[in-house]
Amino acid sequence: GMKALASEAVSLLSGKPPEAKGFGCQLAFNIIPGDASSDREYQAADTLLESQIRQLCGDPGFPVSVNLATAPVFFGTICQLDIETSESVDVESLQTALSQDDWFRLSEQPTPVTEGVGEYNIVVGNVRKDDQTGYRLSMWVVLDNVKTGAARHAFVLGKVLQKNFQ
């Protein structure tokens, strides 16, 4: 994966077409939706992450839905997270709850390269409320999933939300 990404980036920056190397599409400077892989590898990752979150929560019926898209980069991971709550939650309350937990660090505009690499914390930023419903919050979540797994991060975030907003 990393060698193919590096090779394609060098080719494209040199004005040459990239050579696809077994991923079914160009990796460099691309976003790959879950169904881009003909072997359904990414859907399997979606299902696996959902299963891991349910297992960590100890609830096989825990309502979680994961739809992954991959932006092949050399460092860090970022995801757009939307949370729908049963009661209205304001942005300030969420930010306060996250800032009081050792697992989280708030940032105005987190990016994988500047704040995700080598970071053990979950970096959360650009938190906003859906004004139409009042029950949905959106945020960017940045992490270094090489140091700790994505399911663990999702679980920790879920627990903080459950503790503070249930």
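Excluded from the calculations below are hydrogen atoms, water molecules and symmetry mates; all remaining heavy atoms, backbone and side chain alike, are included. On a predicted model such as this, the values are computed, not experimentally measured, just so you know.
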Main-chain N/O of Lys3 paired with Ser7 side-chain donor or acceptor, under 3.5 Å: no

Please round to the nearest 0.5 Å and tell me the distance separating atom CZ of Arg136 and atom CZ of Arg128. 11.0 Å

In this structure, CD of Gln95 is separated from CE of Met139 (nearest 0.5 Å) by 9.0 Å

Check whether any side-chain heavy atom of Val91 sits under 4.5 Å from a side-chain heavy atom of Leu137, and report yes or no. yes

Check for me, please, whether Val10 and Phe29 land in the same ILVMFWY cluster - side-chain distances under 4.5 Å, paths through other members count. no

What one should report as the nearest heavy-atom pair of Glu115 and Pro110 is OE2-CA, 3.3 Å

Hey, does the side chain of Glu8 reach the backbone of Pro18 with a donor-acceptor pair shorter than 3.5 angstrom? no

Under a 4.5 Å cut-off applied to non-hydrogen side-chain atoms, are Leu12 and Gln26 in contact? yes

Just jot down the side chain to side chain contact (heavy atoms under 4.5 Å, CB included) partners of Ala6, sequence neighbours excluded, or say none. Phe74

Regarding Ser99 and Thr96, do their side chains bring together a donor and an acceptor under 3.5 Å, going by distance alone? no

Side chain to side chain contact (heavy atoms under 4.5 Å, CB included), paired with Phe104, selected from Asp102, Asp101, Leu106: Asp101

Student check: side-chain heavy atoms of Val123 and Leu143 closer than 4.5 Å: no

Hey, mind stepping through Val142 and Thr111 against side chain to side chain contact (heavy atoms under 4.5 Å, CB included) and telling me if it holds? CA-CA 6 Å; Val142 173; Thr111 69; 5.8 Å; no

